[in-house]
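Below is one structure, written out as C-alpha cells; the observations come after it.
The shown structure was predicted, so the numbers you read here are calculated from the model rather than taken from an experiment. Chain identifiers are assigned alphabetically (A, B, ...) following the order of the sequence lines, protein sequences preceding nucleic acid strands; residue numbering begins at 1 within each chain.
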There are 2 protein chains.
Amino acid sequence: MAAAIERDEMLTVFGRCTVEYEGRAASHLGPGDRLVVLKPDGTALVHTDEGQKPVNWQPPGCSHEVRLADGAVRIESRRTGPDEELTVAFERIEQVSTFDVTDRRDLSLQGTEEDLRQRILETPDLVEEGFTPLATERETPAGAVDVYGRDRDGRTVVVELKRKRVGPDAVGQLDRYVEALERDLHANAEIRGILISPSVTERARNLLAEKGLEFVSVGPPE
Amino acid sequence: MAAAIERDEMLTVFGRCTVEYEGRAASHLGPGDRLVVLKPDGTALVHTDEGQKPVNWQPPGCSHEVRLADGAVRIESRRTGPDEELTVAFERIEQVSTFDVTDRRDLSLQGTEEDLRQRILETPDLVEEGFTPLATERETPAGAVDVYGRDRDGRTVVVELKRKRVGPDAVGQLDRYVEALERDLHANAEIRGILISPSVTERARNLLAEKGLEFVSVGPPE
DNA sequence: TTGTCGATCTCGCAT
DNA sequence: ATGCGAGGTCGACAA
C-alpha cells in the first residue's frame, strides 16, 4: 500500500474500520464496512454503502501515510492551511487494489449558466424586445453582474441568470447588484433588475415584487 | 457484475471508458482510466485520478444495469423524476471487485451551526449583555429565524448564525428575516438583526452597515 | 491566500 | 414532490 502511494497510484481499500477527523470541524465514526479511495493528487474518500457523498474525506493536496500499529493498518491523511487530519483505522481488510492512472479530464458539459448566458447574448430579445447587452461580468461594489445592458428606452438593466428554478437567495443577489449600482452611479435614474431563470418559487416572486425587480422565464438551451 | 448488483453488493470497476450523461444537464467524457463505484442504494460514481468530486455520477435511487454490447461492457444507470441517465462504456477493464456491505452510518460531527446555536442558548450574553432567547427556528414569511429573542430594552432581536466566516449572502438572509418580521408584526418598533459568526468579509461588513444590521464575532465551541 | 459564486451541488427536514 | 437552508460543501476564477 505504501509503495502504491509512493508510485502515485490510485489505491482502494475495503474493510471494517473506524474513522476520526479533525480540522475545520471534527467527527467520529464507529466501526463499519467502508470503501476507502486514496488518489495520487492527495485526495482521500471514505464511502459507506449509501449516499453519493463520502462519509468522511480529505481534499486534494493531502499527504497520505500508511502505518502498521499492533498488526492493524492505519491510514493517516494530513494537510496544512487549514490544518486537517483524517485517520482510518482498520480492524479487518477485505481487499486492496492499486491502479496506475492518468486521465485527461476533458469533460464537456451543457446546460450550465454559461450556456444560458450565451443564449441571452445571441438573442437579447429573450430578455425583452429592444434589450441591448453591454457587458458580462461587469464589476460593481457588490460583485460581478451576469449581464449588464440597456433597455429600449436607454435605462440601465442588470440581469441575473440562473440555470434552474430559484429561491429567495437569487433575488437577494440581484437586489444587491441593483442597489450597489444605484449607489455607485449615484444616478437618480432608476436601474432595472431582471432575474432570468426557468421559474421562481412563491417566496422569490414575492421578494421580487417587494424589491421592484422583474422576472423573465428562460432556461438554458435544449 | 450483474449478479453482484442483484445481491445488493457494492461494486467497483476500474478500466478505460467513456462516459455520457443526460438529465438535469448533459455531458460527454472521452476515453480515460477511471474508477466506477456502484452502491447498493443506487448511487453511481465515476472517479478520475484527481479531485474529491466524481467527474460524473448518479444520485441514490437509480437502477443500475450491466450490458454486453460487441464484447464491451456498458454500465447504464437510470432514474426518473427528474429523468436522468448515465452510461459508462468500457473499452478495457482492469479490475472488478464486489463487497457485501452493511454500515450503521452513525457519524458524530462537532463544530456545526447547531453547536454554535447551543453555545448561544447556553450563554446568551455572548450575543450581548441582557439578550434573552425566546425561540429557535421561529417561522417568518421569509423562512425560519435561527434565534429569536429580546434585548435588555425589550426590542425584538433576530439572530442569524454561521459557523464560519461569511460573505454577502448571509447578510441578505438576515435582512430578509428582519424585513419579513417588520412587515409581519407591522410593528413600528424597529427590529434588530444580528449576524453571529467568527468573522465577516469586507463586502459583508459594508452590507451590514447599509442595512442597519449588526455583527457579533462568535464561533462554534472549541 | 482570500473572496465570490456556480453546481447535474448533496443532504436533511418540513410542508 | 417541492421549498428552504446547511455544508468539513467543492471547484473555478479573480484580486
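C:dT4 sits 23 Å from C:dT8 when the P atoms are compared, rounded to a whole Å. Comparing D:dG8 with C:dA14, their C1' atoms sit 25 Å apart, to the nearest whole Å.
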Given protein heavy atoms under 4.0 Å, the one-letter contact record of nucleotides 8-15 of chain C, with B base, S sugar-phosphate only and - none, is simply BSSS----
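When side chains are defined from C-beta on, B:E50 does not count as touching A:K39, because their heavy atoms never get closer than 4.5 Å. Between A:L11 and A:T98 there is a side-chain heavy-atom pair separated by less than 4.5 Å.
Using a 4.0 Å heavy-atom cutoff across all strands shown, B:A142 reaches sugar-phosphate atoms only and no base atom. Backbone-only contact: B:R176 has heavy atoms under 4.0 Å from sugar-phosphate atoms and none from a base.
In terms of modelled atom types and a separation under 3.5 Å, the side chain of B:R203 and the main chain of A:P141 share a donor-acceptor contact.
To the nearest angstrom, P of C:dC5 lies 14 Å from CG of A:L161. If you take CD of A:Q173 and C1' of C:dT4, they are 9 Å apart, rounded to a whole angstrom. Spacing between atom CD of A:E137 and atom P of C:dC5 amounts to 10 Å, rounded to whole angstrom units. As rounded to whole Å, 12 Å separates atom C1' of C:dT4 from atom CD of A:E160.
Looking at B:E113 and B:R163, no side-chain N of the basic residue comes within less than 4.0 Å of a carboxylate O on the acidic one, giving no salt bridge.
A distance of 11.5 Å separates CD of B:Q58 from CD of B:E76, quoted to the nearest 0.5 Å. Taking CD1 from A:I5 and CD1 from A:I75, the interatomic distance works out to 6.5 Å, rounded to the nearest 0.5 Å. Here A:T156 contributes atom OG1 and A:Y148 contributes atom OH; the two are 4.5 Å apart, rounded to the nearest 0.5 Å.
Place A:T201 and B:G81 on DNA chain D by their nearest nucleotides, and B:G81 ends up nearer the 5' end. DNA chain D is contacted by both B:T80 and A:P168; B:T80 maps to the nucleotide lying nearer its 5′ end (nearest heavy atom per residue).
Nucleotides of DNA chain D that come within less than 4.0 Å of any heavy atom of chain B span, from the 5' end to the 3' end, D:dG5 to D:dG11.
No more than 12 heavy-atom neighbours from other residues, nucleotides or ligands sit within 6.0 angstrom of CD on A:E22.
Shown here are the side chain to side chain donor-acceptor pair (under 3.5 Å) partners of B:R74, two or more places apart in sequence or in another chain: there are none.
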